[in-house]
Amino acid sequence: MIPVTAYKGRSVAVFGLGRTGIATAKALAAGGAKVVAWDDNEAARQAAQKAGLTLEDLNRRDWGDIAALVLSPGIPFHYPKPHRMVELAQAVGAPVIGDIELFAGEIANTEGVRVVGITGTNGKSTTTALIGHMLKAAGMDVRVGGNIGEAVLSLAPPRPGAIYVLELSSYQLDLVERLHCDVAVFLNLTPDHIDRHGTIENYLAAKRRIFATQADGDSAIIGVDDETTSRVFTQMRSANEDSVIPVSSRKVLSQGVYALGGTVYDALDGKPHAAADLRRALALPGRHNAQNAAAAYAAVRRLGLSQEDAAAGLESFAGLAHRQERVGQVGPVVFVNDSKATNADAAAQALGCYENIFWIAGGQAKEGGVKGLASYFDRLRKAYLIGQDADLIARQLKGKVETVACPSLHAATARAAKDAVESGLPDPVVLLSPACASFDQFRSYEHRGDTFRMAVTDLIAKARAGDAA
């Protein structure tokens with residue numbers, strides 16, 4: 001834990017008691033603050049009490065002594081309108097901040113601490129984990145967290161030489177003023193979270209805050225494969241040529257890092273040369289992961305890793321759970337858990353990686369369902385549909401992809417495995433990439449992915465029992 005001492009002896013309101021809020025309340029208390037913690041959700045309050053927090057209803061309390069409001073990332077700050085807690089804080093002149101801002105203040109006085117921040121609409125979790133892995137594999141003192149894994153204030157306290165690798169969402173960046181990233185990575189931007197930011201311009205403005213406090217000697221690494229981030233790169237490069245580095249998985253760059261044809265090319269010095277073989281990085285399939293790999297490679301090179309250490313780190317990365325995670329194989333059939341794909345854009349990343357796909361999809365469909373995946377339909381040998389909006393997806397696939405309605409994920413997995421084995425096709429893949437939210441049948445996308453993994457484990461056990469017989 002990183003104790004937060006900035007509010008020692010003062011009252012601080014913490015609203016929103018999920019993973020981040022609980023960690024924040026504990027860190028403030030450890031630093032001597034008087035914590036006033038609350039969540040309007042009863043289940044969240046019960047979890048916080050089990051974690052040892054004392055609660056006080058901020059809706060009924062006098063705010064006269066509140067020195068700051070720490071707002072959890074999921075609570076509206078600006079749009080569609082400020083949450084009532086924000087209005088109460090503003091009425092008494094208390095700043096509204098997030099846990100990342102508290103972290104920034106606590107590490108500011110520790111010499112030699114460096115921060116790598118990663119943001120973007122897609123790929124930031126994988127890129128964050130990948131950078132952390134590459135640095136750890138090279139023997140560096142690394143702590144990985146933020147919007148992924150551990151909340152930032154749950155990480156180990158700062159000490160000279162430590163590197164914090166932080167995934168930063170737009171919600172978190174909305175609440176920072178002082179965060180200084182020695183290396184800041186902005187991967188891509190597509191329309192998302194507009195309900196929270198109001199417009200795509202506001203969403204972009206939140207993302208760009210990752211660069212706000214950078215100075216000479218810092219590095220800004222920007223994906224140039226979409227129109228928006230390419231424009232950001234051009235604007236920033238014109239102002240500071242040396243520190244702004246482009247990365248791509250679609251085109252050759254005269255300077256920067258790019259990944260094409262299964263190879264990462266290092267052109268950081270303006271002289272492109274092959275640096276890493278992505279065909280050896282089994283946990284990083286597809287073009288989207290090629291961009292993630294290029295960005296991670298650029299980041300660790302700017303932090304001092306050699307080309308050899310960076311390449312070795314890419315190859316040894318095991319990947320993240322529920323993100324194109326290979327969870328088993330029966331005969332020629334590979335099973336891939338991509339439960340994190342809760343919308344069509346995310347599912348497209350996985351569908352583009354394989355040729356003979358037996359696709360498990362469904363749940364609570366997002367706007368448009370799977371219409372946006374039409375260009376991948378020729379890769380689908382059959383679709384196994386589950387959940388609330390299975391009928392909607394079946395209608396969208398009618399006449400294009402054969403579909404099978406399945407009562408459960410276990411049933412879908414078993415049927416897909418049987419069909420894949422009997423197909424005789426080369427390299428068949430049973431892919432769970434639902435393109436839908438999970439809450440109709442599961443607690444979360446993690447629960448859905450774990451259920452798929454268990455179904456695959458059962459199939460493997462049956463296959464082995466059959467071989468033994």
Side-chain angles (χ1 to χ4, degrees), residues 261-262 278-290 319 322-341 344-363 369-387 390 393-436 448-449 451-467 469:
L278 283 180
R279 290 167 294 189
R280 297 180 181 177
L282 298 181
L284 295 168
R287 179 177 286 170
H288 64 294
N289 274 321
H322 315 297
R323 295 167 177 84
Q324 291 200 60
E325 175 192 15
R326 291 170 66 108
V327 294
Q329 185 167 349
V330 174
V333 181
V334 172
F335 296 83
V336 177
N337 168 22
D338 193 43
S339 183
K340 180 67 166 64
D345 284 345
Q349 309 291 350
L351 294 178
C353 292
Y354 312 101
E355 293 295 333
N356 292 312
I357 302 172
F358 295 79
W359 183 36
I360 302 173
V370 299
K371 286 181 180 179
L373 298 174
S375 62
Y376 301 98
F377 288 170
D378 62 348
R379 297 170 177 259
L380 306 179
R381 303 300 158 247
K382 198 176 287 188
Y384 306 83
L385 306 180
I386 62 173
I393 297 173
R395 291 194 299 272
Q396 293 180 336
L397 296 177
K398 187 175 181 180
K400 301 161 189 171
V401 180
E402 183 180 351
T403 63
V404 180
C406 299
S408 67
L409 180 51
H410 269 84
T413 305
R415 178 65 186 274
K418 180 177 182 293
D419 290 349
V421 168
E422 293 177 352
S423 72
L425 292 167
D427 304 318
V429 173
V430 172
L431 173 66
L432 171 68
S433 190
C436 293
R448 179 171 59 190
T451 301
F452 178 67
R453 188 186 293 109
M454 287 189 291
V456 173
T457 299
D458 290 345
L459 290 173
I460 293 172
K462 289 177 182 178
R464 286 175 178 168
D467 289 344

Cationic N near anionic O, under 4.0 Å, R415 to D419: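 Judged by the 4.0 Å cut-off on N to carboxylate O distance, R415 and D419 do form a salt bridge.
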Results of salt bridge (Lys or Arg N to Asp or Glu O under 4.0 Å) for R453 - residues two or more places apart only: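 Residues passing salt bridge (Lys or Arg N to Asp or Glu O under 4.0 Å) with R453: E325, D450.
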Contact summary for [X] and [Y], nearest pair of heavy atoms:
X: L373; Y: A344; result: CD2-O, 3.2 Å
X: A283; Y: N289; result: O-ND2, 4.2 Å
X: I393; Y: C436; result: CD1-SG, 3.7 Å
X: L385; Y: A390; result: CD1-O, 3.5 Å
X: T403; Y: A394; result: OG1-CB, 4.2 Å
X: A435; Y: V370; result: CB-CG1, 4.0 Å

Distance in Å, [X] [atom1] paired with [Y] [atom2], rounded so as to fall on 0.5 Å steps:
X: R448; Y: N337; atom1: CZ; atom2: CG; answer: 9.0 Å
X: K382; Y: E402; atom1: NZ; atom2: CD; answer: 4.0 Å
X: W359; Y: L397; atom1: CH2; atom2: CG; answer: 6.0 Å
X: K418; Y: F358; atom1: NZ; atom2: CZ; answer: 11.5 Å
X: K340; Y: H322; atom1: NZ; atom2: NE2; answer: 10.5 Å
X: L409; Y: M454; atom1: CG; atom2: CE; answer: 9.0 Å

Determine whether a donor-acceptor pair (N or O, by modelled atom type, separation under 3.5 Å) exists between the side chain of [X] and the backbone of [Y].
X: R379; Y: Y354; answer: yes
X: R381; Y: V429; answer: no
X: D338; Y: Q324; answer: yes

Are side-chain heavy atoms of [X] and [Y] found at a separation under 4.5 Å?
X: T451; Y: S339; value: no
X: C406; Y: V404; value: yes
X: L351; Y: L431; value: yes

Chi angles and distances behind the side chain to side chain contact (heavy atoms under 4.5 Å, CB included) call for I360, V430: CA-CA 7 Å; I360 302 173; V430 172; 3.9 Å; yes
Partner residues of Q329 under the side chain to side chain contact (heavy atoms under 4.5 Å, CB included) criterion, sequence neighbours left out: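 Scan of Q329 (side chain to side chain contact (heavy atoms under 4.5 Å, CB included), adjacent residues dropped) gives R326, V334.
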Set of residues satisfying side chain to side chain contact (heavy atoms under 4.5 Å, CB included) with respect to A455, sequence neighbours excluded: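 A455: side chain to side chain contact (heavy atoms under 4.5 Å, CB included) contacts with H410, T413.
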D378 atom CG: more than 12 heavy-atom contacts under 6.0 Å: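 Result for CG/D378: enclosed.
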